[in-house]
Number of protein chains: 2
Amino acid sequence: MGYPVNAFFTAPMTEHTPKIKRNSKRNSARMNIHTVAQLANVSIATVSRTINHNPTVNLKMAKRVWEVIRELNYLPNTQARALVSGRSRLLGLIVSEITNPFFPELIQGFEDAAVEHGYEILIGSTNYDPERMKGCIRRMVERKAEGVAVMTFGIEEPLLDQLADRHVPLVFVDVGPDRPGISLLRVDYHHGIRQGVQHLAALGHRDIAFVTGPLRLHSAHSRLAAFQRAIQECGIAVDPKWIVEGDHTMEGGIAAAEKLLAGAKLPTAVMCSNDMTAIGVLHKAYRAGLRVPDDLSIIGFDNIHITQMTIPPLTTIQMSCFDLAREAVMALRAQVEQTPAPKRDYPIETQLVVRETTGFPRGTMLQLRKEGDSAKSDPPGKSSTV
Amino acid sequence: MGYPVNAFFTAPMTEHTPKIKRNSKRNSARMNIHTVAQLANVSIATVSRTINHNPTVNLKMAKRVWEVIRELNYLPNTQARALVSGRSRLLGLIVSEITNPFFPELIQGFEDAAVEHGYEILIGSTNYDPERMKGCIRRMVERKAEGVAVMTFGIEEPLLDQLADRHVPLVFVDVGPDRPGISLLRVDYHHGIRQGVQHLAALGHRDIAFVTGPLRLHSAHSRLAAFQRAIQECGIAVDPKWIVEGDHTMEGGIAAAEKLLAGAKLPTAVMCSNDMTAIGVLHKAYRAGLRVPDDLSIIGFDNIHITQMTIPPLTTIQMSCFDLAREAVMALRAQVEQTPAPKRDYPIETQLVVRETTGFPRGTMLQLRKEGDSAKSDPPGKSSTV
DNA sequence: TCGGCTTCGGTAAACCTTTTCCCAAATATT
DNA sequence: AATATTTGGGAAAAGGTTTACCGAAGCCGA
């Protein structure tokens with residue numbers, strides 16, 4: 001500091017020495033902005049400005065620089081850029097379980113939205129384990145993610161302090177602490193679930209069971225509450241015996257179905273907190289010799305890709321994970337880039353998709369048959385989507 | 001220069017200015033190794049040594065430093081560490097499509113193995129698009145991944161030069177250029193596929209179709225070749241009409257099944273290049289009113305989790321993606337950490353898993369029935385694994 | 001032809017950490 | 001008690017980039 005800046009202009013020799021030193025190092029396969037500058041016969045500042053599309057660089061020179069960059073296949077060192085600019089251009093995404101097909105679809109959407117806006121993503125999978133969650137958060141902080149979307153549908157509050165304390169913008173699903181820098185994606189579970197319940201009620205179902213997600217998670221409660229509200233709206237009583245806790249896995253679905261089958265009276269329809277659970281229930285029904293939908297109607301939740309291919313294709317409630325992902329990125333960007341007034345709430349729609357696992361309950365069917373209306377045996381809405 | 005502790009010994013006034021500037025910045029929520037050093041009353045070097053468990057730091061001092069680190073919730077800046085140490089501790093993983101359930105399982109395994117050895121992962125999903133592949137590779141280089149596993153089961157050669165030229169260790173599946181720094185994971189497709197073919201042949205199948213993967217991919221050819229060899233070993237002729245190209249998606253499976261169904265003569269069994277294809281075929285069979293396995297036997301490949309839950313559960317050939325992932329990390333580590341003699345070849349086993357989509361072909365079944373052996377109608381090996 | 005203005009390009013500091021080198025202090029040895 | 005040896009810790013450079021600041025060159029009008 002404080003040296004007369006241009007003193008050296010008149011004394012080239014002293015400056016030459018370090019330059020040579022640089023060259024010798026560079027020859028050993030080390031490529032950086034200096035290499036480019038040297039080959040293009042410009043200063044590193046010019047190279048940097050060219051790369052960052054600074055308009056003060058003259059076109060001819062820019063072209064020359066780009067040519068050298070191409071020729072060398074030069075790519076700037078992201079770490080160095082992030083270090084000096086203070087921007088990592090990294091968004092974090094924390095999910096429950098990467099092996100649940102819902103999440104890869106979400107990840108894909110998140111990545112596409114992020115890349116579109118010049119960000120990259122850092123994925124963390126908690127597997128419902130607080131230890132792993134802690135690790136994920138640590139990594140997000142260490143790598144200086146500029147924002148983190150917590151899509152685990154539930155998070156231990158104390159853990160997120162690590163992030164909140166560092167003023168990392170966060171986005172949650174459903175619920176989260178009300179602080180500045182924290183956005184919420186509010187899923188309107190009620191709309192889709194009510195459609196599902198009404199669909200079942202219209203078919204004549206009165207004995208409707210519900211398999212929840214893990215009740216530690218807030219989203220599981222939200223979905224259950226939406227179900228209970230919808231059921232009551234239809235004037236049906238909710239029998240607590242038919243509310244069974246699952247864990248959002250296929251195995252959990254099987255276990256839940258077993259519990260239901262063990263009861264004295266069977267429900268005629270089951271709604272599930274997610275599609276994987278529904279697939280488990282469907283499988284158990286198959287094993288138990290129940291025909292779907294004749295003996296048991298099943299509705300899932302999420303509308304993951306594979307539900308189109310189950311046998312029979314699953315009626316489910318769509319929650320667009322692309323919307324969810326896009327909104328999450330939007331919310332994060334709004335915080336990071338300080339768009340004037342960042343909304344805190346981003347609503348997400350849900351929507352019933354009728355496929356072929358829902359039909360008349362057995363009793364009704366017989367009744368209809370008796371009335372000579374056998375053509376009706378085709379469930380309504382068959383393959384309305386597929 | 002100008003670090004707090006000894007600044008005053010030399011030239012207090014001139015050096016004092018930056019110190020104040022630093023502090024003022026630090027107060028505004030900026031935390032780094034200097035903050036820790038200051039609070040612990042040591043130099044930054046000591047803090048760094050403590051963090052890196054350098055044994056020359058005396059225990060008492062280390063304890064004091066760790067306490068401050070804890071109290072501040074300090075986490076070192078990964079970018080800066082990577083920049084100076086030249087080690088990003090990042091491993092890249094490039095997959096075909098994250099929404100194909102095989103890959104999340106692979107990713108999970110890869111991440112677990114990486115984290116176990118102190119690495120983190122960078123995921124790229126190509127969606128079979130060379131443009132995206134290019135982007136993935138660029139990101140891997142930019143972020144300075146220390147090694148990259150290319151699990152797309154096929155890569156455009158010129159693209160990988162970007163990585164090879166930079167001496168980034170690579171690991172491929174099946175096939176890859178024979179250069180130093182490139183390891184191969186050799187999957188023994190033949191073993192599992194032969195088991196599958198023999199299983200079908202033993203049941204009496206002679207008319208066996210095969211739905212390949214996208215033939216641009218080398219792994220598709222490998223699997224097809226393994227099938228053809230196995231078929232010939234069983235003394236069955238391969239009818240080229242029954243080799244149909246799929247694309248590793250469920251939709252591709254449906255399309256392939258449609259092509260097969262349109263033929264004059266139907267095969268009695270179909271082997272598929274992956275499970276998603278098999279699920280598509282299974283679905284098409286269901287739509288066409290064919291019973292599985294009575295009218296059509298189906299065998300998949302990969303043994304993804306969901307195959308346990310298809311209706312009926314899918315007979316498939318297991319390729320342990322955890323093994324694959326673990327071996328990939330091992331191979332990369334061997335290169336990165338210069339273990340004495342890094343093996344180039346890592347063999348991966350495949351294994352038939354018999355579930356319930358394979359049974360006697362229709363003709364045989366009737367024949368057996370005629371022979372009064374109706375008890376045999378249960379296919380052999382039923383749920384031998386589930 | 002010269003002075004002032006514009007425009008373009010170079011220099012060095014800053015970002016945060018690791019690591020080498022070196023010095024000082026503490027302990028051991030004669 | 002004085003020197004040799006060990007140990008612990010501080011200073012500073014390096015790593016690759018961005019950017020503020022400043023100098024130089026070119027251009028125009030007078």
Side-chain angles (χ1 to χ4, degrees), chain A residues 1-10 12 14-15 18-19 21-22 25-26 30-38 40-62 64-65 74-89 142-144, chain B residues 1-7 9-10 15 17-18 21-22 25-26 30-37 40-62 64-65 74-89 142-144:
Chain A
M1 77 186 59
Y3 290 112
V5 177
N6 285 333
F8 294 114
F9 284 149
T10 50
T14 50
E15 281 234 300
K19 210 171 168 190
K21 191 173 139 215
R22 285 222 162 121
K25 273 192 184 170
R26 211 126 277 120
R30 188 171 243 101
M31 190 200 324
N32 55 23
I33 205 170
H34 292 276
T35 325
V36 178
Q38 208 168 297
N41 245 320
V42 295
S43 80
I44 57 163
T46 308
V47 177
S48 174
R49 278 193 284 253
T50 306
I51 289 170
N52 295 301
H53 300 104
N54 186 321
T56 67
V57 179
N58 132 343
L59 276 178
K60 235 178 157 149
M61 184 138 292
R64 198 165 79 207
V65 172
Y74 166 75
L75 291 179
N77 182 328
T78 315
Q79 285 145 357
R81 301 182 92 171
L83 185 57
V84 65
S85 69
R87 305 232 18 210
S88 65
R89 303 213 68 91
E142 280 181 349
R143 300 256 170 213
K144 294 268 180 294
Chain B
M1 79 187 59
Y3 293 120
V5 182
N6 286 332
F9 292 125
T10 47
E15 293 233 290
T17 315
K21 193 170 138 218
R22 283 232 161 112
K25 270 192 187 172
R26 209 129 278 117
R30 189 172 242 100
M31 190 198 326
N32 57 21
I33 207 170
H34 289 101
T35 325
V36 178
N41 245 320
V42 294
S43 80
I44 57 161
T46 307
V47 178
S48 174
R49 279 190 285 252
T50 306
I51 289 169
N52 296 301
H53 299 105
N54 186 320
T56 68
V57 179
N58 120 351
L59 276 179
K60 235 177 159 153
M61 184 142 294
R64 197 166 79 207
V65 173
Y74 166 76
L75 291 180
N77 182 330
T78 316
Q79 286 145 355
R81 299 183 94 169
L83 183 58
V84 65
S85 69
R87 304 231 18 209
S88 65
R89 303 212 68 90
E142 280 182 349
R143 301 256 170 213
K144 294 267 180 295

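Residue numbers start from 1 in every chain, and the chains themselves are labelled A, B, ... in the order their sequence lines are given, proteins ahead of strands. Only heavy atoms go into these numbers, but all of them, side chains included; no hydrogens, no water, no symmetry mates.
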Roughly, in whole Å, what's the span from [atom1] in [X] to [atom2] in [N]?
| X | N | atom1 | atom2 | result |
| --- | --- | --- | --- | --- |
| A/Leu75 | D/dG16 | CG | C1' | 14 Å |
| A/Leu83 | D/dT18 | CG | C1' | 10 Å |
| B/Asn41 | D/dG10 | CG | C1' | 13 Å |
| A/His53 | D/dT18 | NE2 | P | 12 Å |
| A/Gln38 | C/dG10 | CD | C1' | 15 Å |
| A/Arg143 | C/dC16 | CZ | C1' | 15 Å |

Review item, nucleotides 18-28 of chain C N/O atoms under 3.5 Å of protein N/O:
from, atom 1, to, atom 2, distance (Å)
C/dT18, OP1, B/Arg81, NE, 2.5
C/dT18, OP1, B/Arg81, NH2, 3.0
C/dT18, OP2, B/Ser48, OG, 2.9

Checklist entry - Does a nitrogen or oxygen in the side chain of B/Thr46 sit under 4.0 Å from OP1 or OP2 of D/dG10? => result yes
Checklist entry - Are OP1 or OP2 of D/dG16 and a side-chain N or O of A/Asn32 less than 4.0 angstrom apart? => result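 Indeed, a polar side-chain atom of A/Asn32 lies that close.
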Checklist entry - Taking only residues two or more places apart in sequence, or in another chain, which ones meet A/Arg143 in a salt bridge (Lys or Arg N to Asp or Glu O under 4.0 Å)? => result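 Salt bridge (Lys or Arg N to Asp or Glu O under 4.0 Å) list for A/Arg143, sorted by chain: B/Glu120.
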Could you pull out the protein-nucleic contacts involving nucleotides 5-7 of chain C (nitrogen or oxygen on both sides, under 3.5 Å)?
none

Check: residues 75-83 of chain B side-chain donor-acceptor pairs under 3.5 Å, at least two apart:
from, atom 1, to, atom 2, distance (Å)
B/Asn77, OD1, B/Gln79, N, 2.8
B/Asn77, OD1, B/Ala80, N, 3.2
B/Thr78, OG1, A/Glu142, O, 2.7
B/Arg81, NH2, B/Asn52, OD1, 2.9

Next on the checklist: Distance check, rounded to the nearest 0.5 Å: A/Thr56 atom OG1 versus A/Met61 atom CE?
Outcome noted: 11.5 Å
Next on the checklist: Checking the side chain of A/Ser88 only, and the main-chain atoms of A/Lys144 only, is there a donor and an acceptor separated by less than 3.5 Å?
Outcome noted: yes
Item to check | Contacts of A/Ser43 that satisfy side chain to side chain contact (heavy atoms under 4.5 Å, CB included) - sequence neighbours left out | outcome: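 Partners of A/Ser43 under the side chain to side chain contact (heavy atoms under 4.5 Å, CB included) test: A/Ala45, A/Thr46.
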Checklist entry - Step by step, would you call B/Val65 with B/Arg49 a side chain to side chain contact (heavy atoms under 4.5 Å, CB included)? => result CA-CA 10 Å; B/Val65 173; B/Arg49 279 190 285 252; over 6 Å; no
Checklist entry - At how many degrees, to 10°, do the end axes of the helix from C/dT1-D/dA30 to C/dT30-D/dA1 meet when each uses five pairs? => result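 The angle, to the nearest 10 degrees, is 50°.
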Checklist entry - Which nucleotide in the set D/dG8, D/dG16, C/dG10 lies at the smallest distance from any side-chain heavy atom of A/Ser43? => result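 So the nucleotide nearest the side chain must be C/dG10.
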